[in-house]
Amino acid sequence: MAKLLWILRLPAVLAVLTLALLRPAIASEELRIGVLDFAGELHSITHWQATADALNAALPEYRFSLVPLDLSGLERELAAGHLDFVITNPGDYVTLEYREHISRIATVEEDTPVASTLVAKGDLTTLEDLAGKRLAVVSPDAFGGFQAVWAEMHQVDPGLKDRVQLVVTGTPMHKAAEAVLDGRADAAVLRACMLEELQAADPERFAPLQAFATRPEKARGCAVSSPVYPGWPFAKAQGTSPALAKKVAIALLGMQAGNYWTVPLDYQPVHDVMRELRVGPYRRTGPVAISEVIHDYRDWLIALAIALIFWAIYSVRIETLVRRRTQALNAANAGLKREMAERRRAEEADRQHRRELEHVARLSILGEMASSIAHELNQPLAAISGFAQGSLLRLQAGNCTPADMERASEEISQQAERAATVIKRIRAFVRKRDSRRTMVDLAALTEEAAALFAAPTKRAGIVTRMDLQAGLPMVSADAVQIQQVVLNLVQNAVEAMGETAPEDRIIEIRVAREFDPVLGTGLCLSVRDYGTGLGPEGLAHFAEAFYTTKSEGLGLGLSLSRSIVEAHGGRLRAEMPTEGAGLRVKVWLPVKEKE
């Protein structure tokens, strides 16, 4: 019987043993609580260990462990299903609620306030001072580490954030403060009360830092630069069962020491900030509706519309002004064309008149030289007549040999060519024609002109000394006009020495290179006489039209010469010699080197 009873009780004993063996396994089930790490892993575990201990005591069948993670780590572990609960800041909670579907079951109270504090070394005072500065932040996605301050900047100036250079330091958050002390940043964003904690822990290191852009109210005695938002939530992951979440919530609300928790608070202020900044769940990732664009950029669109209206008005005004100006320009252009035509006619008439004057001047010079030219022609003509008559007499006498006839014929031919050359030069000099410029040798041109003024200078008992440098470059000139200038200058020199002693009657003609301070390097043809010269008044009016020192002169010769020289790009001037009496007249002409 006893053996039978033992057999009957065996299933119950096995059940009790089974329950005894299973109880440690149930009690050892681990639940992972992801904790946002902003000040270092040790700080996160120490700060929230009281909560983990309370949960382990209230729910002995589970073992709660803390897992410190940064912002991206929390989201990554939740997506992988490795976390059961989450303790994080309000901004990160709103983002994870949208992306990973977590839900808050409690909110911490009497903890560090959720707010931000701007710190610097004392050279910044307002939010506007951040423009153009470097701002150290733990992460652009950190709510208390940046976004709360960003919202304040956005209210002051929506474009202020774009003028601030962010220096991302990562966790722990005190790295942002150290970036300011090390000179890597001008300011930093810390969570509320962290500045006071750092200065209390290491006064010597963090004493230079000061809070700025602070609000009048303080959060638990700490300076803050943003409003205070709801505290950190305790949230369950999407895969955590509601029954377990309920047990955890009851345990949290029943805590009597350590972290104190209350019912979930309203996180609408956090949503408002993130909606305004377009971050977290409010970040636009798809097509944007036109209504949203109009709502977001209403002020800019109004400004653009006003600008377009002003631009349209301005364009109409400009078009009207352009049309009026075009009409005025067309009228002015027509008048200008008429004036240009009249000017061309006047210039052509002036050129024709100047050609007439030049021709008259050449005839005048030729008239003054007529007797000398006649004498120059009489010599070859007399020689021709003499040779012809002598040959005739010898033929009549019958004593003329063929050799004598050949020699007489050669002499007659040479004298005839001499007379023809004189006539040819005179005809070329006095002929009316248009100006034709060619590349000429000024020295050779002067030497050819010597044949025309040789006779008058000899008759006047004047010695002509010529100094013509060799190897001079060519000049672009009208040969006849330049010869006219030379003859005019020589004729004036001859007349100026009418009362000079015979032994002092000398004309010096020189052609050489000369540098002009204004016009540059060129050739200078100078004619120097030893006559009466010119006084100060004469030099002041030199080569002026109708001004002359001659009793019967017209004052046109030198004026025409100056016009000819200036038309060739040169200059005509007179100067008193440094030694001796007389006058030196210089003709400067530009040169063109031989290629």
Side-chain angles (χ1 to χ4, degrees), residues 91 94-95 98-99 115-118 120 123-137 139-168 185-189 212-216 224-227 229 267-336:
V94 171
T95 301
Y98 172 74
R99 294 179 180 174
S116 299
T117 304
L118 283 165
D123 52 346
L124 303 178
T125 57
T126 64
L127 288 170
E128 291 89 339
D129 294 338
L130 288 172
K133 299 295 190 299
R134 298 167 297 171
L135 181 63
V137 298
S139 170
D141 296 327
F143 185 77
F146 175 61
Q147 292 175 351
V149 168
W150 181 10
E152 298 301 301
M153 295 165 57
H154 191 271
Q155 291 182 2
V156 173
D157 181 1
L160 179 57
K161 184 252 185 182
D162 296 330
R163 300 196 298 273
V164 177
Q165 179 183 351
L166 297 183
V167 179
V168 180
D186 302 300
V189 181
F212 71 95
T214 57
R215 301 173 69 88
V224 293
S225 303
S226 72
Y229 294 91
Y267 283 80
Q268 188 59 41
V270 182
H271 282 273
D272 294 339
V273 168
M274 304 189 97
R275 184 183 298 107
E276 181 181 8
L277 300 180
R278 296 295 180 185
V279 296
Y282 300 98
R283 180 178 286 116
R284 288 172 176 162
T285 57
V288 181
I290 297 178
S291 59
E292 293 181 350
V293 174
I294 295 174
H295 179 270
D296 292 344
Y297 301 100
R298 179 180 55 192
D299 296 339
W300 287 102
L301 292 175
I302 293 174
L304 178 61
I306 295 174
L308 290 175
I309 293 173
F310 276 104
W311 178 80
I313 297 173
Y314 178 76
S315 299
V316 172
R317 173 176 169 78
I318 292 298
E319 183 67 23
T320 303
L321 291 177
V322 168
R323 191 179 295 108
R324 293 176 181 174
R325 297 286 175 84
T326 302
Q327 294 174 354
L329 285 174
N330 290 337
N333 191 34
L336 184 60

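- Nearest approach of Gln147 to Val273, heavy atoms of both residues: O-CG1, 4.2 Å.
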Which pairs would a plain distance check flag for residues 324-336, meaning a side-chain donor or acceptor within less than 3.5 Å of a matching protein atom at least two apart in sequence or in another chain?
residue : atom : partner : partner atom : Å
Thr326  : OG1  : Val322  : O            : 2.6
Asn330  : ND2  : Thr326  : O            : 3.2

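- Side-chain atoms of Arg163 and Leu160, non-hydrogen and from C-beta on, do get closer than 4.5 Å to each other.
- Residues that satisfy the side-chain contact (heavy atoms from CB on, under 4.5 Å) test with Ala115, not counting sequence neighbours, are Ala192, Val224, Ser226, Val228.
- Leu127 is listed as a side-chain neighbour of Leu118, based on a closest heavy-atom distance under 4.5 Å.
- Checked against side-chain contact (heavy atoms from CB on, under 4.5 Å), Ile302 has the following partners two or more places apart in sequence or in another chain: Arg298, Ile306.
- Closest approach of Ser116 and Val189 over heavy atoms only: CB-CG1, 4.0 Å.
- The CD1 atom of Ile313 lies 12.5 Å from the CD1 atom of Ile318; values are rounded to the nearest 0.5 Å.
- Remark: Glu276 pairs with His154 by the side chain to side chain donor-acceptor pair (under 3.5 Å) rule, at least two apart or across chains.
- Scanning for side chain to side chain donor-acceptor pair (under 3.5 Å) contacts around Arg99 gives Glu75, with sequence neighbours left out.
- For Arg215, the salt bridge (charged side-chain N to carboxylate O under 4.0 Å, His left out) partners two or more places apart in sequence, or in a different chain, are Glu152, Glu217.
- Residues meeting the salt bridge (charged side-chain N to carboxylate O under 4.0 Å, His left out) test with Arg323, sequence neighbours left out: Glu319.
- Residue pairs meeting the ring-ring contact (aromatic ring centres under 6.0 Å, His included) criterion with at least one member in residues 306-325: none, sequence neighbours excluded.
- Looking at residues two or more places apart in sequence or on another chain, you find a side-chain contact (heavy atoms from CB on, under 4.5 Å) between Pro281 and Val94, Thr95, Tyr98, Met274.
- With sequence neighbours left out, the salt bridge (charged side-chain N to carboxylate O under 4.0 Å, His left out) criterion links Asp123 to no other residue.
- Within the structure, every pair that satisfies the side chain to side chain donor-acceptor pair (under 3.5 Å) test and touches residues 125-135, not counting sequence neighbours, is listed here: Thr125-Asp129, Thr126-Glu128, Thr126-Asp129, Arg134-Asp186.
- Ala187 meets the side-chain contact (heavy atoms from CB on, under 4.5 Å) test with Ala120, Leu124, Leu130, Leu135, Phe212; sequence neighbours excluded.
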